[in-house]
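Residue numbers count from 1 along this sequence.
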Amino acid sequence: MLALVLSTAGALALGGWAALRPGGRADRAVDTLSTAAFALPEFVVSVTLLLLLSQWTGWLPAVTLTGADGRPESWTMIVLPLLSLTLPQIGWNTRIVRGALADQAALPHVGAAVLDGLPRWRILGHHMLPGALPAVTVGIATSTGMLLGGTVVVETLFNYPGIGAVLAGAITDRDTPLVAGVVAAAGATISLLLLLADLVRSTALGEQHR
């Protein structure tokens with residue numbers, strides 16, 4: 001859940017920043033970096049971060065050690081798994097946010113706001129983002145499935161005690177009921193998020209047609 005929140009916040013920030021500078025250096029840089037981030041599988045991101053931030057610099061622990069309560073012994077053990085899951089999803093969601101904001105920027109009321117001399121961030125927050133919200137919400141809900149899929153690889157690599165590690169262990173032990181339960185819970189979560197995204201989209205479209 002924390003990875004989903006961070007990836008959403010990062011995508012909104014980067015997508016909005018790029019949308020305020022269409023065609024500029026910032027826009028092109030965000031487009032290139034987001035494409036590269038999304039194109040890299042989670043295991044490649046994980047290994048790269050492991051080499052850079054653990055093996056070569058020693059800044060962060062390479063694996064997660066748990067205490068008696070089953071939780072990581074230090075918050076620093078959460079950083080590498082969290083980054084490994086968040087970075088690819090930021091790439092995916094940033095492209096969605098940027099595309100949705102670009103569609104809104106072409107609308108007449110946004111052009112009128114620009115001609116009125118309103119600050120760029122006010123145009124983004126009051127005139128572009130509300131109209132882009134349905135597409136952004138659906139895109140983020142869709143990325144939840146990819147995020148849950150990536151947890152199996154990332155949590156196994158870093159020995160992190162999460163749902164991905166539980167599923168990987170259940171598959172290894174051939175624990176069919178546990179595998180079915182984890183898959184069912186993940187499917188229910190994704191379905192709920194997609195339902196909420198559809199409700200947001202329907203509400204926004206209804207407001208636009210009034």
Qualifying ring pair (Phe, Tyr, Trp, His ring centres under 6.0 Å) pairs with a residue from residues 131-161, counting only residues at least two apart or across chains: none

side-chain contact (heavy atoms from CB on, under 4.5 Å) partner of Leu60, chosen from Val79, Ile78, Leu49: Val79

Taken in chain and number order and not counting sequence neighbours, the residues that satisfy side chain to side chain contact (heavy atoms under 4.5 Å, CB included) with Pro61 are Thr76, Met77

Could you pull out all donor-acceptor pairs under 3.5 Å where a side-chain atom in residues 140-148 meets a protein atom, sequence neighbours excluded?
unit_1, atom_1, unit_2, atom_2, d
Thr142, OG1, Val138, O, 2.8
Ser143, OG, Ile140, O, 2.7
Thr144, OG1, Ile140, O, 3.2
Thr144, OG1, Ala141, O, 3.1

Give the cluster check for Trp59 versus Val45: same hydrophobic cluster or not, with ILVMFWY residues linked at side-chain heavy-atom distances below 4.5 Å. yes

Taking Leu80 as the starting point, is it possible to reach Leu4 by hopping between hydrophobic residues whose side chains are less than 4.5 Å apart? yes

Smallest heavy-atom separation, Ala11 atom then Asn93 atom, equals CB-CB, 3.3 Å

Could you state whether Trp92 and Val136 fall into the same hydrophobic cluster, counting links through intermediate Ile, Leu, Val, Met, Phe, Trp or Tyr residues with side-chain heavy atoms under 4.5 angstrom apart? no

For Val154 and Leu85, which heavy atoms make the closest approach, and how far apart are they? CG2-CD2, 3.7 Å

Would you say Trp75 ends up clustered with Leu65 if hydrophobic residues are merged whenever their side chains have heavy atoms under 4.5 Å apart, either directly or through other cluster members? no

Can you list everything that forms a side chain to side chain contact (heavy atoms under 4.5 Å, CB included) with Leu101? Sequence neighbours excluded, please. Ala19, Val97, Leu124, Met128, Leu129, Ala132

What pairs of residues pass the salt bridge (charged side-chain N to carboxylate O under 4.0 Å, His left out) test when at least one of them lies in residues 71-82, not counting sequence neighbours? none

Below 3.5 Å, can you tabulate the donor-acceptor pairs from side chains in residues 105-121 to any protein atom, sequence neighbours excluded?
unit_1, atom_1, unit_2, atom_2, d
His109, NE2, His127, O, 3.1
Arg120, NH1, Leu20, O, 3.4

Write down the atom of Gly162, the atom of Glu155, and the distance for their closest heavy-atom approach. C-OE1, 3.0 Å

Sequence neighbours left out, what passes ring-ring contact (aromatic ring centres under 6.0 Å, His included) with Trp17? Give chain and number order. none

For Leu83 and Pro88, the nearest pair of non-hydrogen atoms, with its separation, is O-CD, 4.4 Å

What's the verdict on side-chain contact (heavy atoms from CB on, under 4.5 Å) for Leu6 and Gln89, showing C-alpha distance, side-chain angles and the deciding distance? CA-CA 9 Å; Leu6 291 178; Gln89 297 309 311; over 6 Å; no

Counting only pairs under 3.5 Å, give me each side-chain donor-acceptor contact of residues 32-44, with atom names and distances, residues two or more places apart or in other chains.
unit_1, atom_1, unit_2, atom_2, d
Thr32, OG1, Arg28, O, 3.0
Ser34, OG, Val30, O, 2.8
Ser34, OG, Asp31, O, 3.0
Thr35, OG1, Asp31, O, 2.8
Thr35, OG1, Arg95, NH1, 2.6

Suppose we screen for side chain to side chain contact (heavy atoms under 4.5 Å, CB included). Which residues come up paired with Ala62, at least two apart in sequence or across chains? Leu50, Ser54, Gln55

Is the shortest side-chain heavy-atom distance between Pro161 and Thr64 below 4.5 Å? yes

What is the distance from atom OG of Ser84 to atom CG of Leu157, rounded to the nearest 0.5 Å? 7.5 Å

Could you list the donor-acceptor pairs under 3.5 angstrom formed by side chains in residues 178-188, with sequence neighbours left out?
none

List the residues meeting side chain to side chain contact (heavy atoms under 4.5 Å, CB included) with Trp56, not counting sequence neighbours, and say none if there are none. Leu51, Leu52

Mind checking salt bridge (Lys or Arg N to Asp or Glu O under 4.0 Å) for Asp175 and listing every partner two or more places apart, or none if nothing turns up? none

